[in-house]
Q: 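The structure's right below; bear with me while I get my questions together.
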Amino acid sequence: MTEQHPIVIVGTGLAGYSLAREIRKQDKDARIVMVTADDGVSYSKPMLSTGLTKGKDAEGLAQAGTETMAEQLNLELRTFTTVTGIDTEGHRLLLGDDSLSYSKLVLAWGADVIRLTIPGDGQERVFPINDLGDYRVFRKALKPGSRVAIMGAGLIGCEFANDLRNGGYEVEVIAPSDAVMPSLLPAVAADAVQQEMEALGVNFHLETLVERIEPAETGVTLFLANGEKLQADIVISAVGLRPRIQLARAAGIDTGRGIKVNRLLETSAQDVYALGDCAEVDGHVLLYVLPLMACARALAKTLTGVPTEVTYGTMPVMVKTPCCPAAVCPPPSDAEGYWETEQDGSHVKTLFKNADGEVLGFAVTGRFALEKQALSKIVPPIHS
Ligand code: FAD
């Protein structure tokens with residue numbers, strides 16, 4: 001009965017658009033409606049942290065407008081349309097006062113930025129950056145000579161720090177960890193990246209936190225837990241993301257850290273699927289592009305009549321810190337073994353080996369980063 005209704009995809013990020021593209025490879029005519037809370041402009045989110053280095057502002061990073069996307073993908077695109085609920089029984093998406101019936105529904109609505117509640121009156125100078133709209137606002141606020149403080153030394157914080165230095169800005173990075181990218185890089189590789197970033201002029205304040213942000217004569221003052229005070233014109237908050245699960249949970253769909261789906265990308269509700277940053281696929285929340293592309297390829301087949309489970313190859317993460325490029329393929333969290341390291345200054349190649357000498361993971365920095373492809377071939381996929 002519901003088959004005359006369209007496939008509805010919520011979200012026009014990389015997950016939503018990749019899925020639409022993959023569906024079109026399988027079926028030129030299937031009726032598809034895409035719904036997004038934003039302007040639906042197509043862009044590559046990873047490029048946001050390379051804008052200054054590449055000399056591109058938000059408009060320069062936009063790849064295609066909605067008319068082009070709707071025409072290319074032969075679908076209906078509803079922009080500035082926020083989903084407010086899901087009636088899973090009735091196969092209806094709730095859009096405020098309006099609603100939209102679906103035959104199949106795909107949730108590709110991403111993740112929310114974690115917002116710290118930091119005391120003080122300087123909050124209006126704090127900018128999270130998780131989409132092109134955020135980036136547009138941030139770039140408007142960034143003036144020649146701006147001093148920028150970044151809260152968070154993860155992948156995104158480090159990439160923005162490098163990019164801002166390349167753009168000639170003063171950059172301070174504050175984080176509670178004792179190393180950069182602690183959940184991604186082994187210590188020896190993290191140290192190498194940090195060293196090169198410091199040589200580039202990034203100032204790190206690790207093992208401490210921002211306790212208060214107050215307006216100053218110009219910009220804001222950040223009061224750190226270690227007693228330091230920093231002056232900045234702009235504060236970037238890069239302290240992590242949380243998959244968007246609230247609306248799914250309210251609709252009775254199983255959620256964990258993300259919206260729980262199996263390898264077919266099926267949620268616990270009939271005809272409702274999820275992929276991308278909002279999804280927890282077979283127990284894993286993977287906030288990266290390669291996993292969502294694999295999911296898009298598999299789900300497109302499922303939605304067009306050939307049920308297909310997602311499988312992943314080896315998925316190295318590239319760290320876009322041009323002062324010290326890095327690539328990493330972390331070993332499984334429960335793997336037993338040891339890191340074997342070859343190092344020449346900040347050029348590091350470290351391999352995680354098990355007792356049989358099998359390579360289960362790696363991290364490479366500097367000139368060794370060139371070996372990432374070759375190493376990816378010998379590392380077994382983790383989530384296969
Ligand atoms: P999003 O792009 O966030 O899209 C979500 C969509 O859902 C949006 O269109 C939004 O408007 C819509 N939406 C949300 N809620 C609603 C609602 N209620 N109703 C309607 N629409 C809604 N990954 C890598 O693999 N390599 C990298 O080098 C890398 N670099 C990165 C650099 C930065 C600065 C950032 C922020 C991320 C980076 N990532 C990287 C991560 C990667 O970009 C993301 O995993 C990926 O883009 C997520 O895509 P998505 O489509 O799931 O979510």
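Both counts, for ligands and for their atoms, begin at 1 and track the order of listing.
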Q: At under 4.0 Å between heavy atoms, is it the side chain or the backbone of Leu287 that contacts ligand 1, or both, or neither?
A: backbone

Q: Counting heavy atoms only, name the option from Ala108, Gly133, Ala37, Gly51 that's nearest to atom 20 (C) of ligand 1.
A: Ala37

Q: Heavy atoms only: which of Met47, Lys320, Met318 lies closest to atom 27 (C) of ligand 1?
A: Lys320

Q: What protein heavy atom sits nearest atom 15 (N) of ligand 1, and how far off is it?
A: Trp109 CB, 3.7 Å

Q: Under 4.0 Å from any heavy atom of Asp38, which atoms of ligand 1 are there?
A: 8 (C), 9 (O), 10 (C), 11 (O)

Q: If you measure only the distance, is there a donor-acceptor pair under 3.5 Å linking the side chains of Thr53 and Asn166?
A: yes

Q: Which is closest to atom 40 (C) of ligand 1 in terms of heavy atoms, Gly85, Cys278, Pro46?
A: Pro46

Q: With atom 25 (O) of ligand 1 as the reference point, say which of Val289, Val317, Leu247 has the nearest heavy atom.
A: Val289

Q: Taking atom 49 (O) of ligand 1 as the point of reference, which of Leu290, Leu292, Val319 owns the nearest heavy atom?
A: Leu292

Q: When you measure from atom 43 (O) of ligand 1 to each heavy atom in Lys45, Met315, Arg244, which option holds the nearest one?
A: Lys45

Q: If the threshold is 4.0 Å, N to carboxylate O, is there a salt bridge linking Arg242 and Asp112?
A: no

Q: Suppose we call two aromatic rings close when their centres sit under 6.0 Å apart. Are His91 and Tyr102 close by that rule?
A: yes

